[in-house]
Enquirer: 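Okay, here's the structure, questions in a sec.
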Number of protein chains: 2
Amino acid sequence: MFSVSAKTQYAIRAMAHLAKNQGVSVPSAEIAASESIPPKFLEGILTQLKSSGLVLGERGKNGGFRLADKPEAISMLSIVEAMDGSVKPVSCVEKAGACAQGMSCLPRIFWIGLKEAIDAYLGGRTLKDITEG
Amino acid sequence: MFSVSAKTQYAIRAMAHLAKNQGVSVPSAEIAASESIPPKFLEGILTQLKSSGLVLGERGKNGGFRLADKPEAISMLSIVEAMDGSVKPVSCVEKAGACAQGMSCLPRIFWIGLKEAIDAYLGGRTLKDITEG
DNA sequence: TCAATTCCTATAGACTTGATAGGAATATAC
DNA sequence: GTATATTCCTATCAAGTCTATAGGAATTGA
Ligand code: FES
Ligand code: FES
């Protein structure tokens with residue numbers, strides 16, 4: 001339970017790599033080699049990060065990827081959500097009628113609280129926190 | 001990401017049901033009907049809860065399940081762990097060598113912090129909290 | 001024109017999840 | 001002791017997700 005996908009872990013390592021190389025465009029293949037990430041898999045990850053607006057991609061020769069913002073302005077939550085979507089612990093939080101009780105269902109409130117705790121943790125740290133001490 | 005399995009959600013609803021029927025043995029089929037849980041699926045869940053020591057099962061006629069302890073003594077964390085094992089966000093927290101850096105790897109510390117935040121939330125509430133206001 | 005690179009789509013194998021089926025073991029009631 | 005209600009055990013299945021790879025089209029710079 002609560003396992004973080006390899007995709008998300010790769011994404012964060014890749015973002016950290018870009019944070020250490022600000023100002024220059026780093027090719028996907030270079031990140032892959034440096035961080036031990038399957039190259040073709042990483043390509044897809046970076047595309048996904050790009051369409052979420054977290055990185056900028058430049059094609060062609062001397063192309064590559066760079067951060068779209070300063071590391072201290074990129075929350076961990078935004079990276080996680082870019083990969084796996086919003087953190088939704090349980091189905092019944094989204095679709096009603098999963099259980100007999102209604103909106104005041106106590107388990108439901110319990111799960112929502114968990115989501116908020118996770119979001120608070122992830123939203124409270126930035127890329128800078130995991131690249132510097 | 002971070003979706004809670006149907007199994008765990010069912011388990012908690014079942015435990016809540018038992019909490020409302022303390023002192024008597026409730027048959028699996030009755031819980032299933034009352035909580036809209038697939039009967040045979042629930043059987044397996046209750047067996048699992050039993051082998052984790054959270055409930056007691058009694059066979060034969062008039063048999064069924066009951067809580068092994070008072071609701072306020074059963075943490076949500078214990079239920080979640082009984083279903084899906086310990087909360088381990090990332091692989092590299094367990095098996096070393098997943099990334100180039102060592103124990104001081106900042107992403108690693110970040111993930112451990114997340115695990116602790118989740119455990120703190122889950123460990124800080126009990127079955128009683130989700131059965132009473 | 002050439003080389004490097006992102007970008008797009010398709011695919012495949014392994015694994016996980018949710019659920020069902022059939023029956024063996026066990027306890028109670030009559 | 002026989003019928004009945006129940007847990008318990010094992011096997012199976014379909015559907016989905018996750019991880020990864022493959023091949024090539026589009027774009028850019030030299
Ligand atoms: S709404 Fe999810 S358990 Fe009731
Ligand atoms: S140990 Fe997990 S990213 Fe380094």
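Throughout, protein chains are lettered first and strands after them, A, B, ... in sequence-line order, and every chain is numbered starting at 1.
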Enquirer: Do the side chain of B:S36 and the main chain of B:A32 share a donor and acceptor less than 3.5 angstrom apart?
Expert: no
Enquirer: Is the backbone N or O of A:V4 less than 3.5 Å from a side-chain atom of A:Q9, with the two atoms forming a donor-acceptor pair by type?
Expert: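 Here the side-chain-to-backbone pair exists.
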Enquirer: Mind checking the CD1-CG spacing from B:I31 to B:L18? Nearest 0.5 Å is all I need.
Expert: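 The distance works out to 4.5 Å.
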Enquirer: Under 3.5 Å, is there a donor-acceptor pair between the side chain of A:E30 and the main chain of A:P27?
Expert: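 Side chain of A:E30 to backbone of A:P27: no pair is present.
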Enquirer: Donor-acceptor check, side chain of B:D129 to backbone of B:T126, threshold 3.5 angstrom: yes or no?
Expert: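 Answer holds: yes.
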Enquirer: Heavy-atom distance under 4.5 Å between the side chains of A:Q22 and A:P71, does that happen here?
Expert: yes
Enquirer: Throw together a table of side-chain donor-acceptor distances under 3.5 angstrom for residues 54-61 of chain B, partners on residues two or more places apart or in other chains.
Expert:
| residue | atom | partner | partner atom | Å |
| --- | --- | --- | --- | --- |
| B:E58 | OE1 | B:S25 | OG | 2.9 |
| B:E58 | OE2 | B:S25 | OG | 3.4 |
| B:E58 | OE2 | B:R66 | NE | 3.0 |

Enquirer: So if I take residues 40-54 of chain A and measure heavy-atom distances to DNA chain D, which residues fall below 4.0 Å?
Expert: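 The answer is A:K40, A:F41.
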Enquirer: Write out all pairs satisfying side-chain hydrogen bond (donor to acceptor under 3.5 Å, both in side chains) with one or both partners inside residues 40-55 of chain A, taking only residues at least two apart or from two chains.
Expert: A:K7-A:Q48
Enquirer: Given atom CD of A:Q9 and atom P of D:dA20, what is their separation to the nearest angstrom?
Expert: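 Going from A:Q9 (CD) to D:dA20 (P), I get 10 Å.
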Enquirer: Check every nucleotide of DNA chain C for an atom under 4.0 Å from a heavy-atom of chain B, then give the first and the last such nucleotide from 5' to 3'.
Expert: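 Going 5' to 3' along DNA chain C, contacts run C:dG18 to C:dA29.
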Enquirer: Tell me: CG of A:D84 to P of D:dT17, nearest whole Å?
Expert: 12 Å
Enquirer: Decide whether a cation-pi geometry holds between B:R125 and B:Y121; the criteria are a distance under 6.0 Å from NZ or CZ to the six-membered ring centre and an angle within 45° of the ring axis.
Expert: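 That pair qualifies as a cation-pi contact.
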Enquirer: Please write out each protein N/O paired with an N/O of nucleotides 27-30 of chain D under 3.5 Å, distance rounded to 0.1 Å.
Expert:
| residue | atom | partner | partner atom | Å |
| --- | --- | --- | --- | --- |
| D:dT27 | O4' | A:R59 | NH1 | 2.7 |
| D:dT28 | O2 | A:K61 | N | 3.0 |

Enquirer: Partners of B:Y10 by ring pair (Phe, Tyr, Trp, His ring centres under 6.0 Å), sequence neighbours excluded?
Expert: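 Ring pair (Phe, Tyr, Trp, His ring centres under 6.0 Å) list for B:Y10, sorted by chain: B:F41.
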